[in-house]
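Here is the structure we will look at.
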2 protein chains.
Amino acid sequence: MEDQLSDRSKRILEAVIEDYIATAEPVGSRTLTRSHSLELSPATVRNVMSDLEEMGLLVSPHTSAGRIPTDKAYRLYVNSILEVKKNLPQGNRDEIRRRCRMAGKDLGDVLKETSRLLSSTSSYMGVVMAPRLAANVFHQMEFVKLGSHRILAILVSQNGTVQNRLLEIQEEIPQEELVRMANYLNGMLQGLTIAQVRERLVAEMQSEKVRYDSMMTKALTLSEQTIRSDGAEIFLEGQANILDQPEFCDAGKMREIFRAFEKKSLLLDLLDRSMQAEGVQIFIGAESRLLKMEGMSLVTSTYMTGKDTFGVLGVIGPTRMGYGRVIPIVDYTAKLISRLLETE
Amino acid sequence: MEDQLSDRSKRILEAVIEDYIATAEPVGSRTLTRSHSLELSPATVRNVMSDLEEMGLLVSPHTSAGRIPTDKAYRLYVNSILEVKKNLPQGNRDEIRRRCRMAGKDLGDVLKETSRLLSSTSSYMGVVMAPRLAANVFHQMEFVKLGSHRILAILVSQNGTVQNRLLEIQEEIPQEELVRMANYLNGMLQGLTIAQVRERLVAEMQSEKVRYDSMMTKALTLSEQTIRSDGAEIFLEGQANILDQPEFCDAGKMREIFRAFEKKSLLLDLLDRSMQAEGVQIFIGAESRLLKMEGMSLVTSTYMTGKDTFGVLGVIGPTRMGYGRVIPIVDYTAKLISRLLETE
DNA sequence: CGTTAGCACTCGAACTTTTTGAGTGCTAAT
DNA sequence: ATTAGCACTCAAAAAGTTCGAGTGCTAACG
């Protein structure tokens, strides 16, 4: 399986891929020799392309058309041909920097803006997943009385995430008691991750010493309700950008794509998966069978929001996307955001 | 200008509009007489249609095609022909009811879900604008210390809206002082609208008696920072639905539409405008030149979240939309949401 | 007089046919 | 090993047909 590709074959494959990225049209031997200054005749190129086709790196949509790179080809390209410019063009750099300066906003706003940023600099779709709540570190909890039977619970994590939850309660609880409850909980839960908090609460509720203290019981019940459910948030921006891609210009496909993104669950799975490893990761076409609609790729990177809580951000575009350009953007943005969000 | 339309003309216009709504195709005299049981010959219908065309209620895309209703025709239809079924079909009613039961979520979640709901029951786009912050009634403010130079400010309104803002501060403020500041402010600002709060803060900061109390100054500065900027939130859901509309199936138009909705500012203007009057309002096609892309209409209604704070919700669809069906949906949803959000 | 049947005319949509040209694979010459 | 040359392919664009739902107009009808 270790494709023993000659240097020349690689050069040609690269040329095909780059042409296809640029034009979205099947590329033929002729056009290749013209645009890229390979010192070869069309006929030679044809032979090589024929080999590449045999190896499953190219396909032709029909006999008398040019050829198109397969997912496998992109994989090869990304892994061993493409050399990612370590240095993002200064222009991009500046823009990202500039738009990252956004003090006075909460985490959600920053992430949304980041998603926008990714979308506009890459000209594909930007996606950012907030760190999963469970991994965050508990910082503080507050209960605010809204009415006689409604309490607003506020859960603050150390990285600045804030979760609000409206709780309906049976019996009225006076404000002072709420404060005492919060104090009690804040003392107990300091520094734990939310996941740990959850365990702790369950354990505590079953322990003997709490069972007969109604205040504590109430407090535990309330807080348990507060941290229940961990709907990781996803910010997806720039959907309109993919309408510009010629391969999706037909209405049917577009609909499919939009529908798919409307329920974010599969995207969530995919992003969750890319959180396994650190750094930039690339999912090409059908490799992520989650994005089962064909022709889409995903470039992600993890970012940090604290000691050991991270989220994922990235760019979604057509398989035929400018990896060389996108990868540094994703990488740089992730690093910058990490720095920005670091709770020093 | 008071169109003196004979009863028959009205019936025919209605038939044309309804046919066009159903099929999205220009409708001709023949088809009309067949589908609707008007007791008239095609020729007669033709004559009438010709009149209607003269009055600017119908147009034909070209000589030998059927006719299409103009914006003016829709307006007439909505105002004086269409009789809105006061009673939403029980099915819809039930679904709306069911999905409105969503306790334990904050306002944002509820509104987002409502937008989804509007979108799916109408099969167009649902849109919900959160009440403008300025009109909300202040309830409570909290400061939570996140780090030595970072404070999380939480602003709770009486209707359950929660705003978080991250503040960077120069000099460290101990937690106890933050609590005292919050108490001071909560006492002072109780029951005012945010707009009034803003004024009050400015006034207070200039008053003599505060000027030399650094704690108060700090408190005022902090809170002033917190309520600054009033980015009304808009929840727009179901964009994929409009891809199903045949009139937008061409890629160019779609792109335009998606681009337009990506920056929500014009939508915001429009919704803001529809907040002038209470109850259901209808903007047809170019009437709202804000949605300057043609062929879109908007049905809105205000909803209440408290004594006198309201937001707007509605449905955006093609001008050729089922007004008779959509209007009750919007109306009913608005009422239900108002009831749900009422701070009793 | 309002309504209707009849008729010639229009013109986009859909279907065919033709043309075009970028592409291929093969073979023979360099 | 490379390349020039050639016959062949086939989608896409252009040109040409057919078809039918529409129209407007006129004349007849109750």
Side-chain angles (χ1 to χ4, degrees), chain A residues 4-13 15-17 19-20 22-70 73 246-247 249-251, chain B residues 4-13 15-17 19-20 22-70 73 246-247 249-251:
Chain A
Q4 227 36 331
L5 276 184
S6 76
D7 210 51
R8 193 175 66 178
S9 307
K10 276 192 186 170
R11 273 220 322 285
I12 289 179
L13 182 59
V16 171
I17 293 180
D19 242 49
Y20 186 65
T23 64
E25 302 276 300
V27 4
S29 52
R30 181 136 238 158
T31 14
L32 251 202
T33 50
R34 263 204 283 269
S35 54
H36 300 257
S37 54
L38 309 160
E39 306 293 300
L40 294 168
S41 79
T44 317
V45 173
R46 268 205 291 284
N47 288 332
V48 177
M49 283 168 98
S50 183
D51 297 346
L52 292 173
E53 180 158 21
E54 205 130 305
M55 299 165 70
L57 294 168
L58 295 178
V59 281
S60 35
H62 56 92
T63 5
S64 74
R67 291 176 163 99
I68 286 178
T70 62
E247 55 260 67
C249 76
D250 121 78
Chain B
Q4 226 37 330
L5 276 184
S6 75
D7 209 51
R8 193 176 67 178
S9 307
K10 275 192 188 174
R11 272 220 322 286
I12 289 179
L13 181 60
V16 171
I17 292 180
D19 242 49
Y20 186 65
T23 65
E25 302 276 300
V27 4
S29 52
R30 181 136 241 161
T31 15
L32 251 203
T33 50
R34 262 205 284 268
S35 54
H36 300 259
S37 54
L38 307 162
E39 306 293 299
L40 294 169
S41 79
T44 317
V45 173
R46 266 208 290 286
N47 288 331
V48 176
M49 284 169 98
S50 183
D51 296 347
L52 292 172
E53 181 158 19
E54 205 130 303
M55 298 165 72
L57 294 168
L58 296 178
V59 281
S60 34
H62 56 93
T63 5
S64 75
R67 291 176 163 98
I68 287 180
T70 62
E247 55 260 68
C249 76
D250 121 78

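Reckoned from all heavy atoms, side chains included, excluding hydrogens, waters and symmetry mates. Order of the sequence lines sets the chain letters (A, B, ...), proteins ahead of strands, with each chain counted from 1.
- Atom-to-atom, CG of B:Leu32 to C1' of C:dT4 comes out at 17 Å; the value is rounded to the nearest Å.
- Taking atom CD on A:Glu39 and atom C1' on D:dT3, their separation rounds to 14 Å, with Å as the unit.
- Residues B:Leu5 and B:Leu52 have side chains in contact (heavy-atom distance under 4.5 Å, counting atoms from C-beta outward).
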Would you sort out whether A:Leu58 and A:Leu13 count as a side-chain contact (heavy atoms from CB on, under 4.5 Å), showing the intermediate values? CA-CA 9 Å; A:Leu58 295 178; A:Leu13 182 59; 4.0 Å; yes
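- In this structure A:Thr31 satisfies the side chain to side chain contact (heavy atoms under 4.5 Å, CB included) test with no other residue, sequence neighbours excluded.
- Distance check, rounded to the nearest 0.5 Å: OG of A:Ser41 to CZ of A:Arg30 gives 10.0 Å.
- Not one side-chain nitrogen or oxygen of B:Thr44 sits closer than 4.0 Å to the OP1 or OP2 atom of C:dT3.
- Between A:Ile12 atom CD1 and D:dA1 atom C1' the separation is 13 Å, expressed in whole Å.
- Separating the CG atom of A:Leu38 from the C1' atom of D:dT2 is a distance of 14 Å, rounded to the nearest angstrom.
- In this structure, A:Leu57 and A:Ala73 approach most closely via the heavy-atom pair O-CB, 3.1 Å.
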What does the B/S/- profile of nucleotides 6-30 of chain C look like, 5' to 3', with a 4.0 Å heavy-atom cutoff to protein? B---BBS----------SBB-----
Start with the C-alpha distance between B:Ser35 and B:Asp19, add both sets of side-chain angles, then the distance that settles side-chain contact (heavy atoms from CB on, under 4.5 Å), and finish with yes or no. CA-CA 9 Å; B:Ser35 54; B:Asp19 242 49; 3.5 Å; yes
